Protein chains: 2
Amino acid sequence: MSRVLAVDDDRQLLRALRITLRAAGHDVVTAEDGRSALRAAAENHPDVVVLDLGLPDLDGTEVLAGLRPWFPGPVLVLSARSDSRDKVDALDAGADDYVTKPFDMGELLARLRALQRRGTPEPEEPVVRTEHFTVDLAAQQVRVDGGVVRLTPTEWGLFSELVRAPGRLVGQRHLLQAVWGPAYEKETNYLRVYMAQLRRKLEPDPANPRYLRTEPGMGYRFTP
Amino acid sequence: MSRVLAVDDDRQLLRALRITLRAAGHDVVTAEDGRSALRAAAENHPDVVVLDLGLPDLDGTEVLAGLRPWFPGPVLVLSARSDSRDKVDALDAGADDYVTKPFDMGELLARLRALQRRGTPEPEEPVVRTEHFTVDLAAQQVRVDGGVVRLTPTEWGLFSELVRAPGRLVGQRHLLQAVWGPAYEKETNYLRVYMAQLRRKLEPDPANPRYLRTEPGMGYRFTP
DNA sequence: GGCCTTCTTGACGCGACCTTGACGCGGGCA
DNA sequence: TGCCCGCGTCAAGGTCGCGTCAAGAAGGCC
(Lines give C-alpha, C1' and ligand atoms only; values in the text may rest on other atoms or scores of the structure.)
Protein backbone atom coordinates (compact mmCIF):
# COMPACT_ATOMS: atom_id res chain seq x y z
CA MET A 1 0.00 0.00 0.00
CA SER A 2 2.59 2.55 1.06
CA ARG A 3 6.22 2.61 2.10
CA VAL A 4 7.11 3.10 5.74
CA LEU A 5 10.55 3.88 7.14
CA ALA A 6 10.81 2.54 10.69
CA VAL A 7 13.71 3.78 12.81
CA ASP A 8 14.60 2.31 16.21
CA ASP A 9 17.76 1.06 17.90
CA ASP A 10 15.86 -1.67 19.75
CA ARG A 11 16.11 -4.56 17.33
CA GLN A 12 13.34 -6.52 18.96
CA LEU A 13 10.92 -3.64 18.67
CA LEU A 14 12.08 -2.95 15.15
CA ARG A 15 11.31 -6.55 14.23
CA ALA A 16 7.84 -6.28 15.76
CA LEU A 17 7.25 -3.07 13.84
CA ARG A 18 8.34 -4.64 10.60
CA ILE A 19 6.04 -7.62 11.05
CA THR A 20 3.05 -5.55 12.09
CA LEU A 21 3.45 -2.94 9.37
CA ARG A 22 3.99 -5.56 6.72
CA ALA A 23 0.89 -7.42 7.85
CA ALA A 24 -1.03 -4.16 7.47
CA GLY A 25 -0.02 -4.06 3.82
CA HIS A 26 2.90 -1.63 4.01
CA ASP A 27 6.23 -1.82 2.33
CA VAL A 28 8.76 -1.54 5.17
CA VAL A 29 12.28 -0.11 5.28
CA THR A 30 14.21 -0.03 8.57
CA ALA A 31 17.14 1.79 10.12
CA GLU A 32 18.83 1.50 13.52
CA ASP A 33 20.45 4.89 13.97
CA GLY A 34 20.04 8.48 12.90
CA ARG A 35 22.55 8.68 10.08
CA SER A 36 21.38 5.54 8.36
CA ALA A 37 17.80 6.73 8.88
CA LEU A 38 18.49 9.91 6.94
CA ARG A 39 20.31 7.95 4.26
CA ALA A 40 17.50 5.39 4.01
CA ALA A 41 14.91 8.14 3.76
CA ALA A 42 16.81 9.83 0.92
CA GLU A 43 17.28 6.59 -0.96
CA ASN A 44 13.89 4.94 -0.52
CA HIS A 45 11.52 7.90 -0.55
CA PRO A 46 9.09 6.56 2.03
CA ASP A 47 5.53 7.85 2.35
CA VAL A 48 5.69 8.02 6.13
CA VAL A 49 8.37 7.75 8.83
CA VAL A 50 8.12 6.13 12.27
CA LEU A 51 11.00 7.57 14.28
CA ASP A 52 12.33 6.65 17.69
CA LEU A 53 13.75 9.63 19.55
CA GLY A 54 16.34 7.74 21.59
CA LEU A 55 18.93 6.88 18.96
CA PRO A 56 22.58 6.20 19.76
CA ASP A 57 24.27 8.64 17.41
CA LEU A 58 21.93 11.58 16.85
CA ASP A 59 19.28 13.23 18.93
CA GLY A 60 15.78 12.69 17.63
CA THR A 61 15.21 16.36 16.96
CA GLU A 62 18.38 16.42 14.88
CA VAL A 63 17.03 13.65 12.71
CA LEU A 64 13.79 15.58 12.39
CA ALA A 65 15.71 18.70 11.44
CA GLY A 66 17.59 16.78 8.78
CA LEU A 67 14.42 15.23 7.46
CA ARG A 68 11.96 18.07 7.43
CA PRO A 69 13.52 20.44 4.90
CA TRP A 70 12.89 18.03 2.06
CA PHE A 71 10.59 15.29 3.37
CA PRO A 72 6.95 16.31 3.02
CA GLY A 73 5.23 13.20 4.41
CA PRO A 74 4.06 12.55 7.97
CA VAL A 75 6.52 11.67 10.75
CA LEU A 76 5.31 9.74 13.79
CA VAL A 77 7.67 9.93 16.73
CA LEU A 78 8.14 7.14 19.28
CA SER A 79 9.70 7.87 22.64
CA ALA A 80 10.09 6.44 26.10
CA ARG A 81 9.93 9.93 27.55
CA SER A 82 6.43 11.01 28.49
CA ASP A 83 7.32 14.47 29.70
CA SER A 84 5.21 17.16 28.07
CA ARG A 85 8.23 19.26 27.24
CA ASP A 86 9.71 16.49 25.13
CA LYS A 87 6.44 16.12 23.26
CA VAL A 88 6.16 19.83 22.60
CA ASP A 89 9.74 19.99 21.39
CA ALA A 90 9.33 17.09 19.01
CA LEU A 91 6.00 18.30 17.65
CA ASP A 92 7.34 21.80 17.10
CA ALA A 93 10.43 20.34 15.45
CA GLY A 94 8.20 18.94 12.74
CA ALA A 95 6.75 15.70 14.07
CA ASP A 96 3.10 15.04 13.26
CA ASP A 97 2.36 12.71 16.14
CA TYR A 98 4.04 11.55 19.34
CA VAL A 99 3.50 8.14 20.90
CA THR A 100 5.07 7.12 24.21
CA LYS A 101 6.48 3.65 24.79
CA PRO A 102 5.19 1.17 25.57
CA PHE A 103 2.43 1.52 23.03
CA ASP A 104 -0.27 -0.62 21.47
CA MET A 105 0.38 -1.73 17.90
CA GLY A 106 -3.25 -1.30 16.94
CA GLU A 107 -3.16 2.27 18.11
CA LEU A 108 0.02 2.92 16.17
CA LEU A 109 -1.56 1.60 13.01
CA ALA A 110 -4.67 3.68 13.59
CA ARG A 111 -2.57 6.81 14.05
CA LEU A 112 -0.67 6.03 10.87
CA ARG A 113 -3.97 5.61 9.04
CA ALA A 114 -5.13 8.98 10.35
CA LEU A 115 -1.90 10.63 9.23
CA GLN A 116 -1.97 9.10 5.78
CA ARG A 117 -5.65 9.89 5.33
CA ARG A 118 -4.74 13.54 5.66
CA GLY A 119 -1.59 13.27 3.63
CA THR A 120 -2.80 11.90 0.33
CA PRO A 121 -6.27 13.15 -0.49
CA GLU A 122 -6.52 11.50 -3.91
CA PRO A 123 -4.82 8.17 -4.37
CA GLU A 124 -5.39 7.89 -8.09
CA GLU A 125 -7.99 8.26 -10.76
CA PRO A 126 -8.42 4.99 -12.57
CA VAL A 127 -9.55 6.08 -16.02
CA VAL A 128 -8.70 4.02 -19.08
CA ARG A 129 -8.92 5.69 -22.47
CA THR A 130 -8.95 4.29 -25.95
CA GLU A 131 -9.51 5.91 -29.28
CA HIS A 132 -13.20 5.08 -29.26
CA PHE A 133 -14.29 4.98 -25.62
CA THR A 134 -13.23 5.85 -22.07
CA VAL A 135 -13.74 3.73 -18.97
CA ASP A 136 -14.02 5.27 -15.51
CA LEU A 137 -13.51 2.42 -13.09
CA ALA A 138 -14.24 4.50 -9.99
CA ALA A 139 -17.50 5.94 -11.29
CA GLN A 140 -18.36 2.71 -13.07
CA GLN A 141 -19.16 4.51 -16.27
CA VAL A 142 -18.32 4.01 -19.93
CA ARG A 143 -18.45 6.73 -22.58
CA VAL A 144 -18.43 6.02 -26.30
CA ASP A 145 -17.92 9.08 -28.49
CA GLY A 146 -18.88 11.28 -25.58
CA GLY A 147 -22.19 9.56 -24.95
CA VAL A 148 -22.77 7.44 -21.89
CA VAL A 149 -23.37 3.74 -22.54
CA ARG A 150 -25.23 1.79 -19.88
CA LEU A 151 -23.91 -1.64 -18.98
CA THR A 152 -25.88 -4.25 -17.05
CA PRO A 153 -24.32 -5.62 -13.85
CA THR A 154 -23.08 -8.76 -15.57
CA GLU A 155 -21.73 -6.82 -18.51
CA TRP A 156 -19.87 -4.46 -16.21
CA GLY A 157 -18.52 -7.30 -14.09
CA LEU A 158 -17.09 -9.00 -17.13
CA PHE A 159 -15.83 -5.82 -18.77
CA SER A 160 -14.17 -4.38 -15.69
CA GLU A 161 -12.40 -7.66 -15.08
CA LEU A 162 -10.83 -7.34 -18.51
CA VAL A 163 -10.08 -3.63 -18.28
CA ARG A 164 -8.30 -4.15 -14.98
CA ALA A 165 -5.77 -6.31 -16.82
CA PRO A 166 -5.09 -4.24 -19.95
CA GLY A 167 -3.17 -6.12 -22.61
CA ARG A 168 -3.09 -9.28 -20.57
CA LEU A 169 -4.83 -12.54 -21.36
CA VAL A 170 -7.59 -13.39 -18.89
CA GLY A 171 -8.59 -17.05 -18.77
CA GLN A 172 -12.21 -18.05 -19.19
CA ARG A 173 -12.21 -19.93 -15.90
CA HIS A 174 -10.98 -16.80 -14.15
CA LEU A 175 -13.67 -14.66 -15.78
CA LEU A 176 -16.47 -17.09 -15.01
CA GLN A 177 -15.40 -17.42 -11.40
CA ALA A 178 -15.02 -13.68 -10.95
CA VAL A 179 -18.39 -12.76 -12.42
CA TRP A 180 -20.70 -15.73 -11.86
CA GLY A 181 -18.97 -17.62 -9.06
CA PRO A 182 -16.96 -20.82 -8.69
CA ALA A 183 -19.92 -23.04 -9.62
CA TYR A 184 -20.09 -21.69 -13.15
CA GLU A 185 -16.54 -22.44 -14.29
CA LYS A 186 -17.82 -24.63 -17.15
CA GLU A 187 -20.50 -22.33 -18.57
CA THR A 188 -18.34 -20.88 -21.31
CA ASN A 189 -21.44 -20.05 -23.34
CA TYR A 190 -22.17 -17.25 -20.89
CA LEU A 191 -18.91 -15.66 -21.93
CA ARG A 192 -19.83 -15.89 -25.59
CA VAL A 193 -23.22 -14.27 -25.08
CA TYR A 194 -21.94 -11.39 -22.97
CA MET A 195 -18.81 -10.74 -24.95
CA ALA A 196 -21.04 -10.36 -27.99
CA GLN A 197 -23.20 -7.83 -26.15
CA LEU A 198 -20.17 -5.88 -24.99
CA ARG A 199 -18.75 -5.76 -28.49
CA ARG A 200 -22.11 -4.63 -29.85
CA LYS A 201 -22.14 -1.78 -27.33
CA LEU A 202 -18.49 -0.74 -27.44
CA GLU A 203 -16.69 -1.87 -30.55
CA PRO A 204 -16.75 0.38 -33.64
CA ASP A 205 -17.08 -2.78 -35.76
CA PRO A 206 -18.51 -5.58 -33.60
CA ALA A 207 -17.85 -8.20 -36.27
CA ASN A 208 -14.12 -7.43 -36.22
CA PRO A 209 -13.33 -6.72 -32.57
CA ARG A 210 -10.44 -4.37 -31.98
CA TYR A 211 -10.41 -4.00 -28.21
CA LEU A 212 -12.09 -7.16 -26.93
CA ARG A 213 -10.14 -9.94 -28.59
CA THR A 214 -10.76 -13.65 -28.38
CA GLU A 215 -7.91 -16.04 -27.65
CA PRO A 216 -9.37 -19.35 -28.85
CA GLY A 217 -9.34 -22.02 -26.21
CA MET A 218 -7.79 -19.71 -23.63
CA GLY A 219 -9.81 -16.63 -22.83
CA TYR A 220 -10.14 -12.98 -23.75
CA ARG A 221 -7.90 -9.94 -23.86
CA PHE A 222 -8.52 -6.20 -23.66
CA THR A 223 -6.08 -4.27 -25.84
CA PRO A 224 -6.25 -0.46 -25.36
CA MET B 1 -5.00 33.21 14.08
CA SER B 2 -7.65 30.60 13.56
CA ARG B 3 -11.06 29.61 14.84
CA VAL B 4 -11.31 26.68 17.23
CA LEU B 5 -14.50 24.92 18.26
CA ALA B 6 -14.04 23.40 21.74
CA VAL B 7 -16.62 20.84 22.87
CA ASP B 8 -16.80 19.51 26.44
CA ASP B 9 -19.52 19.03 29.04
CA ASP B 10 -17.13 19.88 31.87
CA ARG B 11 -17.60 23.63 32.21
CA GLN B 12 -14.47 24.09 34.23
CA LEU B 13 -12.34 22.38 31.63
CA LEU B 14 -14.15 24.23 28.90
CA ARG B 15 -13.31 27.50 30.59
CA ALA B 16 -9.66 26.51 30.89
CA LEU B 17 -9.62 25.56 27.22
CA ARG B 18 -11.16 28.84 26.19
CA ILE B 19 -8.63 30.84 28.16
CA THR B 20 -5.64 28.85 26.96
CA LEU B 21 -6.68 28.81 23.33
CA ARG B 22 -7.50 32.48 23.35
CA ALA B 23 -4.14 33.27 24.91
CA ALA B 24 -2.52 31.34 22.07
CA GLY B 25 -4.21 33.65 19.62
CA HIS B 26 -7.18 31.57 18.58
CA ASP B 27 -10.74 32.62 18.08
CA VAL B 28 -12.75 30.28 20.31
CA VAL B 29 -16.28 28.92 20.00
CA THR B 30 -17.60 26.46 22.59
CA ALA B 31 -20.35 23.86 22.94
CA GLU B 32 -21.37 21.60 25.80
CA ASP B 33 -23.14 18.75 24.06
CA GLY B 34 -23.13 16.93 20.74
CA ARG B 35 -26.10 18.53 19.04
CA SER B 36 -25.07 22.08 19.80
CA ALA B 37 -21.54 21.15 18.74
CA LEU B 38 -22.77 20.12 15.30
CA ARG B 39 -24.89 23.23 15.06
CA ALA B 40 -22.03 25.48 16.17
CA ALA B 41 -19.69 23.85 13.68
CA ALA B 42 -22.16 24.43 10.85
CA GLU B 43 -22.73 28.04 11.83
CA ASN B 44 -19.23 29.18 12.69
CA HIS B 45 -17.11 27.15 10.24
CA PRO B 46 -14.16 26.58 12.57
CA ASP B 47 -10.72 25.68 11.29
CA VAL B 48 -10.18 22.98 13.88
CA VAL B 49 -12.34 21.11 16.41
CA VAL B 50 -11.37 19.93 19.90
CA LEU B 51 -13.94 17.31 20.83
CA ASP B 52 -14.58 15.54 24.12
CA LEU B 53 -15.86 12.01 23.60
CA GLY B 54 -17.93 11.78 26.78
CA LEU B 55 -20.85 14.03 25.95
CA PRO B 56 -24.25 13.74 27.62
CA ASP B 57 -26.48 13.47 24.54
CA LEU B 58 -24.50 11.90 21.70
CA ASP B 59 -21.69 9.39 21.53
CA GLY B 60 -18.41 10.97 20.43
CA THR B 61 -18.24 8.83 17.31
CA GLU B 62 -21.71 10.03 16.35
CA VAL B 63 -20.55 13.61 16.51
CA LEU B 64 -17.56 12.66 14.40
CA ALA B 65 -19.84 10.95 11.90
CA GLY B 66 -21.99 14.04 11.68
CA LEU B 67 -18.97 16.27 11.28
CA ARG B 68 -16.75 14.38 8.89
CA PRO B 69 -18.90 14.33 5.77
CA TRP B 70 -18.56 18.04 5.27
CA PHE B 71 -15.93 19.28 7.73
CA PRO B 72 -12.46 19.04 6.17
CA GLY B 73 -10.36 20.44 9.01
CA PRO B 74 -8.54 18.57 11.78
CA VAL B 75 -10.43 17.11 14.74
CA LEU B 76 -8.57 16.50 18.00
CA VAL B 77 -10.39 14.16 20.35
CA LEU B 78 -10.22 14.39 24.14
CA SER B 79 -11.23 11.44 26.26
CA ALA B 80 -10.90 10.07 29.77
CA ARG B 81 -10.73 6.56 28.32
CA SER B 82 -7.19 5.40 27.64
CA ASP B 83 -8.09 2.00 26.20
CA SER B 84 -6.49 1.35 22.84
CA ARG B 85 -9.75 0.22 21.33
CA ASP B 86 -11.37 3.56 22.06
CA LYS B 87 -8.46 5.33 20.43
CA VAL B 88 -8.56 3.14 17.34
CA ASP B 89 -12.32 3.59 16.99
CA ALA B 90 -12.12 7.36 17.25
CA LEU B 91 -9.19 7.66 14.87
CA ASP B 92 -10.84 5.43 12.30
CA ALA B 93 -14.06 7.40 12.68
CA GLY B 94 -12.22 10.43 11.36
CA ALA B 95 -10.34 11.94 14.30
CA ASP B 96 -6.85 13.23 13.58
CA ASP B 97 -5.46 12.99 17.10
CA TYR B 98 -6.46 11.49 20.44
CA VAL B 99 -5.42 12.91 23.80
CA THR B 100 -6.31 11.26 27.10
CA LYS B 101 -7.36 13.25 30.12
CA PRO B 102 -5.78 14.59 32.16
CA PHE B 103 -3.53 16.30 29.67
CA ASP B 104 -1.02 19.10 29.58
CA MET B 105 -2.22 22.30 27.95
CA GLY B 106 1.15 22.91 26.36
CA GLU B 107 1.03 19.52 24.72
CA LEU B 108 -2.50 20.15 23.47
CA LEU B 109 -1.40 23.41 21.88
CA ALA B 110 1.63 21.74 20.32
CA ARG B 111 -0.56 19.02 18.85
CA LEU B 112 -2.95 21.63 17.47
CA ARG B 113 0.00 23.43 15.91
CA ALA B 114 1.15 20.19 14.32
CA LEU B 115 -2.33 19.53 12.95
CA GLN B 116 -2.73 23.02 11.53
CA ARG B 117 0.75 23.05 10.09
CA ARG B 118 -0.29 20.13 7.88
CA GLY B 119 -3.25 22.13 6.73
CA THR B 120 -6.38 21.01 4.97
CA PRO B 121 -5.53 19.39 1.68
CA GLU B 122 -9.17 18.85 0.81
CA PRO B 123 -10.78 22.06 -0.41
CA GLU B 124 -14.06 20.17 -0.75
CA GLU B 125 -16.98 22.23 -1.89
CA PRO B 126 -19.59 22.32 0.83
CA VAL B 127 -22.16 23.57 -1.68
CA VAL B 128 -23.23 21.65 -4.77
CA ARG B 129 -25.30 23.40 -7.40
CA THR B 130 -27.38 22.07 -10.24
CA GLU B 131 -29.71 23.78 -12.63
CA HIS B 132 -32.72 23.08 -10.46
CA PHE B 133 -31.50 22.95 -6.88
CA THR B 134 -28.55 23.69 -4.59
CA VAL B 135 -27.29 21.50 -1.76
CA ASP B 136 -25.49 22.93 1.26
CA LEU B 137 -23.73 20.00 2.90
CA ALA B 138 -22.58 22.06 5.87
CA ALA B 139 -25.96 23.55 6.70
CA GLN B 140 -27.75 20.36 5.70
CA GLN B 141 -30.14 22.29 3.54
CA VAL B 142 -31.55 21.95 0.05
CA ARG B 143 -33.05 24.77 -1.98
CA VAL B 144 -35.24 24.16 -5.01
CA ASP B 145 -35.97 27.24 -7.09
CA GLY B 146 -34.95 29.41 -4.15
CA GLY B 147 -37.36 27.78 -1.71
CA VAL B 148 -36.10 25.58 1.10
CA VAL B 149 -37.14 21.94 0.91
CA ARG B 150 -37.19 20.02 4.18
CA LEU B 151 -35.71 16.52 4.13
CA THR B 152 -36.24 13.95 6.86
CA PRO B 153 -33.13 12.55 8.56
CA THR B 154 -33.25 9.38 6.49
CA GLU B 155 -33.81 11.27 3.28
CA TRP B 156 -30.86 13.52 4.03
CA GLY B 157 -28.64 10.62 4.96
CA LEU B 158 -29.34 8.93 1.67
CA PHE B 159 -29.16 12.08 -0.41
CA SER B 160 -25.94 13.40 1.10
CA GLU B 161 -24.30 10.05 0.57
CA LEU B 162 -25.02 10.37 -3.12
CA VAL B 163 -24.15 14.05 -3.41
CA ARG B 164 -20.79 13.43 -1.77
CA ALA B 165 -19.87 11.21 -4.73
CA PRO B 166 -21.05 13.27 -7.69
CA GLY B 167 -21.09 11.33 -10.93
CA ARG B 168 -19.97 8.16 -9.22
CA LEU B 169 -22.06 5.06 -8.90
CA VAL B 170 -22.86 4.24 -5.28
CA GLY B 171 -23.72 0.61 -4.61
CA GLN B 172 -26.94 -0.25 -2.84
CA ARG B 173 -25.09 -2.16 -0.15
CA HIS B 174 -22.95 0.87 0.54
CA LEU B 175 -25.98 3.13 0.79
CA LEU B 176 -27.89 0.79 3.07
CA GLN B 177 -24.91 0.35 5.35
CA ALA B 178 -24.19 4.07 5.48
CA VAL B 179 -27.75 5.13 6.25
CA TRP B 180 -29.40 2.24 8.08
CA GLY B 181 -26.43 0.21 9.33
CA PRO B 182 -24.72 -3.05 8.44
CA ALA B 183 -27.73 -5.16 9.46
CA TYR B 184 -29.89 -3.70 6.69
CA GLU B 185 -27.72 -4.57 3.71
CA LYS B 186 -30.48 -6.65 2.15
CA GLU B 187 -33.40 -4.25 2.55
CA THR B 188 -33.25 -2.82 -0.93
CA ASN B 189 -36.91 -1.84 -0.77
CA TYR B 190 -35.94 0.94 1.66
CA LEU B 191 -33.87 2.42 -1.11
CA ARG B 192 -36.76 2.28 -3.54
CA VAL B 193 -39.15 4.01 -1.16
CA TYR B 194 -36.78 6.80 -0.21
CA MET B 195 -35.38 7.37 -3.66
CA ALA B 196 -38.96 7.87 -4.83
CA GLN B 197 -39.53 10.44 -2.09
CA LEU B 198 -36.32 12.28 -2.91
CA ARG B 199 -37.21 12.41 -6.56
CA ARG B 200 -40.67 13.67 -5.72
CA LYS B 201 -39.13 16.48 -3.69
CA LEU B 202 -36.19 17.40 -5.90
CA GLU B 203 -36.58 16.27 -9.49
CA PRO B 204 -38.31 18.56 -11.95
CA ASP B 205 -39.94 15.47 -13.47
CA PRO B 206 -39.95 12.67 -10.89
CA ALA B 207 -41.08 10.10 -13.44
CA ASN B 208 -37.99 10.76 -15.57
CA PRO B 209 -35.21 11.38 -13.06
CA ARG B 210 -32.42 13.60 -14.27
CA TYR B 211 -30.18 13.89 -11.22
CA LEU B 212 -30.92 10.77 -9.19
CA ARG B 213 -30.43 7.98 -11.67
CA THR B 214 -30.94 4.29 -11.12
CA GLU B 215 -28.34 1.79 -12.21
CA PRO B 216 -30.38 -1.42 -12.25
CA GLY B 217 -28.94 -4.16 -10.13
CA MET B 218 -26.05 -2.00 -8.93
CA GLY B 219 -27.03 1.16 -7.18
CA TYR B 220 -27.74 4.84 -7.75
CA ARG B 221 -25.86 7.80 -9.16
CA PHE B 222 -26.11 11.55 -8.63
CA THR B 223 -25.31 13.41 -11.83
CA PRO B 224 -25.01 17.22 -11.37
C1' DG C 1 -53.95 11.65 25.63
C1' DG C 2 -54.19 13.02 20.79
C1' DC C 3 -52.15 14.68 16.59
C1' DC C 4 -48.52 14.84 13.41
C1' DT C 5 -44.42 13.40 11.06
C1' DT C 6 -41.55 9.73 9.94
C1' DC C 7 -40.26 5.06 9.32
C1' DT C 8 -41.39 0.33 8.21
C1' DT C 9 -43.67 -3.27 5.72
C1' DG C 10 -46.38 -5.54 2.27
C1' DA C 11 -48.51 -6.14 -2.33
C1' DC C 12 -48.68 -5.52 -7.30
C1' DG C 13 -47.56 -4.53 -12.21
C1' DC C 14 -44.20 -3.82 -15.50
C1' DG C 15 -40.02 -3.92 -17.82
C1' DA C 16 -35.31 -5.32 -18.07
C1' DC C 17 -32.05 -8.71 -17.43
C1' DC C 18 -30.33 -13.45 -17.16
C1' DT C 19 -30.59 -17.95 -18.65
C1' DT C 20 -31.06 -21.44 -22.00
C1' DG C 21 -31.33 -23.80 -26.29
C1' DA C 22 -30.69 -24.04 -31.25
C1' DC C 23 -28.17 -23.03 -35.43
C1' DG C 24 -24.33 -21.69 -38.60
C1' DC C 25 -19.58 -21.14 -39.38
C1' DG C 26 -14.64 -22.09 -39.52
C1' DG C 27 -10.39 -24.37 -38.30
C1' DG C 28 -7.88 -28.53 -36.73
C1' DC C 29 -7.31 -33.32 -37.51
C1' DA C 30 -7.62 -38.05 -39.05
C1' DT D 1 -13.11 -35.09 -47.51
C1' DG D 2 -15.76 -35.59 -43.51
C1' DC D 3 -16.02 -34.99 -38.51
C1' DC D 4 -15.82 -32.40 -34.29
C1' DC D 5 -14.99 -28.81 -31.18
C1' DG D 6 -15.11 -23.99 -30.10
C1' DC D 7 -16.94 -19.55 -31.14
C1' DG D 8 -20.53 -16.12 -32.58
C1' DT D 9 -25.42 -15.07 -33.18
C1' DC D 10 -30.24 -15.00 -32.27
C1' DA D 11 -34.58 -15.52 -29.97
C1' DA D 12 -37.72 -16.87 -26.34
C1' DG D 13 -38.96 -17.90 -21.69
C1' DG D 14 -38.81 -17.05 -16.83
C1' DT D 15 -37.05 -14.61 -13.10
C1' DC D 16 -35.71 -10.67 -10.72
C1' DG D 17 -35.42 -5.86 -9.61
C1' DC D 18 -37.57 -1.41 -9.72
C1' DG D 19 -41.27 1.99 -9.06
C1' DT D 20 -45.61 2.91 -6.93
C1' DC D 21 -49.15 3.00 -3.55
C1' DA D 22 -51.05 2.47 0.86
C1' DA D 23 -51.66 1.13 5.48
C1' DG D 24 -49.83 0.14 10.04
C1' DA D 25 -46.22 1.18 13.75
C1' DA D 26 -43.25 4.19 16.29
C1' DG D 27 -41.84 8.38 18.23
C1' DG D 28 -41.95 13.43 19.14
C1' DC D 29 -44.60 17.60 20.39
C1' DC D 30 -48.40 20.15 22.18
Side-chain angles (χ1 to χ4, degrees), chain A residues 140 142 148-162 169-173 175-181 183-221, chain B residues 35 57-58 140 142 148-162 169-181 183-203 205-222:
Chain A
Q140 299 201 11
V142 185
V148 175
V149 172
R150 259 190 32 76
L151 297 185
T152 71
T154 310
E155 287 166 5
W156 174 260
L158 183 58
F159 185 52
S160 65
E161 201 68 26
L162 287 166
L169 170 69
V170 186
Q172 13 194 10
R173 237 160 323 207
L175 289 172
L176 286 165
Q177 179 170 344
V179 179
W180 283 272
Y184 293 76
E185 282 188 355
K186 297 291 183 184
E187 309 283 339
T188 58
N189 48 328
Y190 287 11
L191 290 178
R192 292 201 290 277
V193 172
Y194 278 93
M195 286 304 298
Q197 289 190 1
L198 283 174
R199 294 205 251 245
R200 213 172 302 139
K201 288 187 175 182
L202 304 175
E203 289 278 0
D205 180 11
N208 296 51
R210 173 175 171 179
Y211 302 107
L212 300 169
R213 303 240 172 129
T214 302
E215 301 282 342
M218 315 279 298
Y220 294 86
R221 183 196 306 270
Chain B
R35 289 181 212 284
D57 57 341
L58 292 178
Q140 303 201 358
V142 185
V148 174
V149 171
R150 254 186 43 75
L151 297 184
T152 72
T154 308
E155 287 167 3
W156 174 260
L158 183 58
F159 185 53
S160 65
E161 201 69 25
L162 286 167
L169 187 149
V170 187
Q172 19 194 18
R173 241 157 319 209
H174 177 82
L175 289 171
L176 287 165
Q177 179 169 344
V179 180
W180 283 273
Y184 292 77
E185 281 188 356
K186 297 288 182 186
E187 308 284 340
T188 58
N189 48 329
Y190 286 13
L191 290 178
R192 292 200 291 276
V193 172
Y194 277 92
M195 286 304 298
Q197 289 189 0
L198 283 173
R199 294 206 250 246
R200 216 171 299 140
K201 288 187 176 183
L202 303 175
E203 289 278 359
D205 180 11
N208 296 49
R210 172 175 172 180
Y211 302 107
L212 300 169
R213 302 247 173 119
T214 302
E215 301 283 341
M218 310 181 71
Y220 293 86
R221 184 197 305 269
F222 169 68

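Keep in mind that what you see is a predicted model, and the values were worked out from it rather than measured. Letters A, B, ... are given to chains in the order of the sequence lines, protein chains preceding strands, and every chain is numbered from 1.
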Inset, instruction - Let me know the distance between NZ of A:Lys201 and P of C:dA16, rounded to the nearest Å. - result: 12 Å
Legend entry - Residue met sooner reading DNA chain D from 5', once A:Arg199 and B:Thr188 are mapped to nucleotides: A:Arg199
Inset, instruction - Decide yes or no on salt bridge (Lys or Arg N to Asp or Glu O under 4.0 Å) for A:Glu155 and A:Arg150, but give the supporting numbers first. - result: CA-CA 9 Å; A:Glu155 287 166 5; A:Arg150 259 190 32 76; over 6 Å; no
Inset, instruction - Determine the contact category for A:Tyr184: base if any of its heavy atoms lies under 4.0 Å from a base atom, sugar-phosphate if only primed atoms, P, OP1 or OP2 are that close, otherwise nothing. - result: nothing
Inset, instruction - For A:Thr214, report the nucleic acid contact type (base, sugar-phosphate, nothing); a contact means any heavy atom under 4.0 Å. - result: sugar-phosphate
Inset, instruction - State, with a plain yes or no, whether a side-chain heavy atom of A:Leu151 is found less than 4.5 Å away from one of A:Leu158. - result: no
Legend entry - Proximity to the side chain of B:Arg192 - top-ranked nucleotide from C:dT5, C:dC17, D:dG19: D:dG19
Inset, instruction - May I ask you to test the B:Phe159-B:Leu212 pair for a side-chain heavy-atom distance under 4.5 Å? - result: yes
Inset, instruction - Give a yes or no on whether A:Arg221 atom CZ has more than 12 heavy-atom contacts from other residues, nucleotides or ligands under 6.0 Å away. - result: yes
Inset, instruction - Give the intermediate values and the outcome of side-chain contact (heavy atoms from CB on, under 4.5 Å) for residues A:Leu162 and A:Met195. - result: CA-CA 11 Å; A:Leu162 287 166; A:Met195 286 304 298; 4.0 Å; yes
Legend entry - Minimum-distance nucleotide to A:Ala196 side chain [options: C:dC17, C:dT6, D:dT9]: D:dT9
Legend entry - Inter-end axis angle, the helix from C:dG1-D:dC30 to C:dA30-D:dT1, with every axis fitted to five base pairs (rounded, 10 degrees): 30°
Inset, instruction - Using atom types as modelled and distance alone, determine if a side-chain donor or acceptor of B:Glu203 lies under 3.5 Å from a backbone N or O of B:Arg210. - result: yes
Inset, instruction - For B:Gln172, report the nucleic acid contact type (base, sugar-phosphate, nothing); a contact means any heavy atom under 4.0 Å. - result: sugar-phosphate
Legend entry - Length of the line joining A:Glu187:CD and C:dG21:C1', which is rounded to integer Å: 12 Å
Legend entry - Any B:Leu191 side-chain heavy atom under 4.5 Å of B:Tyr184 side chain: no
Inset, instruction - Summarise how protein sits on nucleotides 23-30 of chain C as a single string, 5' to 3': B when a protein heavy atom is under 4.0 Å from the base, S for sugar-phosphate-only contact, - for no contact. - result: --------
Inset, instruction - Taking all non-hydrogen atoms of both residues into account, name the closest pair between B:Glu187 and B:Leu176 and its distance. - result: O-CD2, 3.4 Å
Legend entry - Atom-to-atom span, OH of A:Tyr194 to P of D:dG8 - whole angstrom: 16 Å
Inset, instruction - Counting heavy atoms from C-beta on, name the nucleotide in C:dC18, C:dT19, C:dT9 closest to the side chain of B:Asn189. - result: C:dT9
Inset, instruction - Kindly indicate whether the side chain of A:Tyr211, heavy atoms from C-beta on, has any atom under 4.5 Å from the side chain of A:Leu202. - result: no
Under 3.5 Å, N/O pairs linking protein and nucleotides 21-24 of chain D:
none

Legend entry - Heavy-atom pair of closest approach, residues B:Arg199 and B:Pro209: CD-CB, 3.4 Å
